Every structure is written in structure tokens, then in C-alpha cells.
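Each chain gets a letter, A, B and so on, in the order the sequences are listed, and its residues count up from 1. Note that the structure is a prediction, hence the values are computed from the model and not measured.
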Protein chains: 2
Amino acid sequence: MSDLLERLRGRGWRMTAQRRVVAEVLDGDHVHLTADEVHARAAARLPEISRATVYNTLGELVSLGEVIEVATDGRAKRYDPNAHRPHQHLVCSGCGTVRDVHPHGDPLADLPDAERFGFTVSQAEVTYRGLCPACA
Amino acid sequence: MSDLLERLRGRGWRMTAQRRVVAEVLDGDHVHLTADEVHARAAARLPEISRATVYNTLGELVSLGEVIEVATDGRAKRYDPNAHRPHQHLVCSGCGTVRDVHPHGDPLADLPDAERFGFTVSQAEVTYRGLCPACA
DNA sequence: TCCTACGATAGACAGAGTCCAAGTCAAGAA
DNA sequence: TTCTTGACTTGGACTCTGTCTATCGTAGGA
Ligand SMILES: [Mn+2]
Ligand SMILES: [Mn+2]
Ligand SMILES: [Zn+2]
Ligand SMILES: [Zn+2]
């Protein structure tokens, strides 16, 4: 994730300990943390980081296209650092685990013109639901 | 929607003015109201109906399978009386308008086994996003 | 008409997120 | 290295969405 820090520096970001630790917490595959989870993990490394700063930093990362927001349930949004490879999500109805998945085909192609109501449709988000091995 | 009221009566529902007006507000096509919108429209007909009753009634309708909950954004859930015909949603990124759509094909079939991580996948929800004619 | 269990109500409470005024500090200037 | 300053951080108040509870009211059967 140091490449992310490099990109951010290149964009003129002032590099603070808070921003660094938030970026570090978001490193990895299949990472889909809530803002409060990010805050908890960040606070383990930097105890006095505030919730407001976590929200600010996450919002900035989303604006820059480095992180995407995922709303899989009616609860807290999740923050996903896998922003450069398009993908969909598979969610366990039991425990809430989220995995990145890459379905075949283009879901946009399955929506006939007659079903577009004159909209300019630009994106299709697919959420698959089921039970993970542990919950089944 | 009087057929809905009939079904509810058949299920042993005590028929109150509040429940009747909530059911009436949910009548129509492409209806995707938030709980507060339902409350506002219900209160126009029955001024003293409470928020708690609206939430209770919506929750009961969802349990009975007469209404589905739709979470198109990270904000308030929307309540959809079109529960008997499976469909997906097309959402305007500008104004938030939601339309019911019926894509071709089965999105489940597009998810390869290798991308299922051992899950028992049972459902796929698709949200199409774009701009409606008015917002474009 | 009367009873009573089921439903409605107001308001307290909780979770998620936003906003603000005041204090702090990263990083360029000298 | 030290100075300066505007960008960043902070705690807490506030908003929005939703849940819960104690109390009151009433639909519908006896
Ligand atoms: Mn993801
Ligand atoms: Mn719908
Ligand atoms: Zn699970
Ligand atoms: Zn629109």
C-alpha cells in the first residue's frame, strides 16, 4: 500500500500519521471494513485518532477513486480498497462476510432498452447472497 | 390494494385505521417510499398516526412477504409493494428516482464455481445506476 | 354492551454519520 | 534550523434513521 501513499503524496496530500495509518489498515484482499472497524484498527496503532478524521480520510479516498463505498445491508457502509479492478460482491447472509467476485458477462447488456425508461444507464452493481461454508 | 387488505384479514390481522392507511399509501407501480415518506403520506389522511406504528406495520408487511425492503443507497431503506413479481432496480444518480426493471437472463448463472468460495449462493440483486431523462 | 388481548402512541434511546470551532502541525520559506 | 501558515485533527454537538418500552386505546368476539 506504499504505492497508494505515493499516489496520495503526488496529489498534494499532507502526509500525517493519521492518514498513513488509515491507508495501512485498508491494505489487503477482500477488505470491506466499516468506518468504525477502520477506526478501531487505526486506534490500535495510533490511540488518539478521532472518528471524524477516519470519516474525513475515508471520504477523501473515495473522492479520489482509491476506495469504493459498499452498502451491502441497511447498516454501516463498508470501505473497499479494491477500487482499480471492477468486481461484484458475495455476501454471507449468516455472518456478513464479504468476498470480491468476478462474474462473467456484462450485466448492463441484460437490461433491454424497453426497460431503461429513457435513463442513461452507466453502471450495474450485483450483490450475490448465500451462506458461507462456516454458516451452512 | 383491497386484495392486500383481504389477505391480511385472512391472516388474522386486526384491521385498524392505521394499518389500512399504510397499505393504501403503498399502492401503485414503481413505489419505493422511505418509512418517513410513508409516514408523511399516511399522516395526510390520518394526522395522528405515529412513526412507531408506521415502522411496526412496514415490518409486519415485510415479514409476511407482502412488501420488500430495498436499500439503494446508504440512507433510509425503501419499502416496495411489488413483492410478488421478482425484479431489479434502476436508480437515478441525480434525483434518486427508482424504477422496477426486468433484465434478461439469470445473474446467478454468470458466477463461476471458482468464484463462489464454497458459498451456497441463493440470490442475486442487481442495482442499475444512471441518469433519468430529467437529470441528464 | 362489555372485556381484553392486541395494537397505537410518545418519547427515550441507539447506531451511523455530519458539522463546527478551536487547537495542532507538516512542510515550504528564509 | 527556525518560522509561518493554512491544511489537518479533534471532541463534542447535532442530524437522521431506526428500535424499544410503558402506557393508553380499541377491534372484534362473547
Ligand atoms: Mn470489494
Ligand atoms: Mn421495486
Ligand atoms: Zn457466514
Ligand atoms: Zn433523476
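Using the six-membered ring where Trp is involved, H32(A) and H30(A) have ring planes that are tilted, between 30° and 60° apart.
Under the 4.0 Å criterion applied to side-chain N and carboxylate O atoms, R78(B) and E69(B) are not assigned as salt-bridge partners. Salt bridge status for R45(B) with E24(B): present, with a side-chain N to carboxylate O gap under 4.0 Å. A salt bridge is absent between D100(A) and R85(A); no separation between the charged side-chain nitrogens and carboxylate oxygens falls under 4.0 Å.
Atom CG of D27(B) and atom CG of L4(B) lie 8.5 Å apart (nearest 0.5 Å). Interatomic distance, R19(B) CZ to E60(B) CD, rounded to the nearest 0.5 Å: 4.5 Å.
Among all heavy-atom pairs drawn from T34(A) and A76(A), the shortest one is CG2-CB, 4.0 Å.
Computed from coordinates, the E60(A) CD to dC8(D) P distance equals 7 Å when rounded to whole Å. The distance from atom CG of L46(B) to atom P of dG7(C) is 17 Å, rounded to the nearest whole Å. One interatomic measurement links the two molecules: CD1 of I49(B) to P of dT26(D), which rounds to 14 Å at whole-angstrom precision. For the pair L61(B) CG and dG7(C) P, the interatomic distance rounds to 13 Å; values are reported in whole Å. Taking atom CZ of R11(A) as the reference point, atom C1' of dA7(D) lies 18 Å away to the nearest angstrom.
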- Message: Can you build the contact string for nucleotides 15-23 of chain D? Use B for base contact, S for sugar-phosphate-only contact, and - for no protein heavy atom under 4.0 Å.
- Response: --SBBB---
- Note on the structure: Contact string for nucleotides 25-30 of chain C, one letter per nucleotide 5' to 3', B = base within protein heavy-atom range under 4.0 Å, S = sugar-phosphate only, - = neither, reads BBS---
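Near-neighbour residues of DNA chain C inside residues 89-98 of chain B, defined by a heavy atom below 4.0 Å, are absent.
Q18(A) places no side-chain N or O within donor-acceptor distance of the main-chain N or O of I49(A), the cut-off being under 3.5 Å. A donor-acceptor pair is defined here as one N or O able to donate and one able to accept, closer than 3.5 Å; such a pair exists between the side chain of E115(B) and the backbone of H102(A). No side-chain donor-acceptor contact under 3.5 Å links R99(B) to the backbone of H89(B).
For the side chain to side chain contact (heavy atoms under 4.5 Å, CB included) with L26(A), the qualifying choice from V21(A), L58(A), N82(A) is L58(A), the only one to do so.
Within the 4.0 Å cut-off from OP1 or OP2 of dT9(C), at least one side-chain nitrogen or oxygen of Q18(B) is found.
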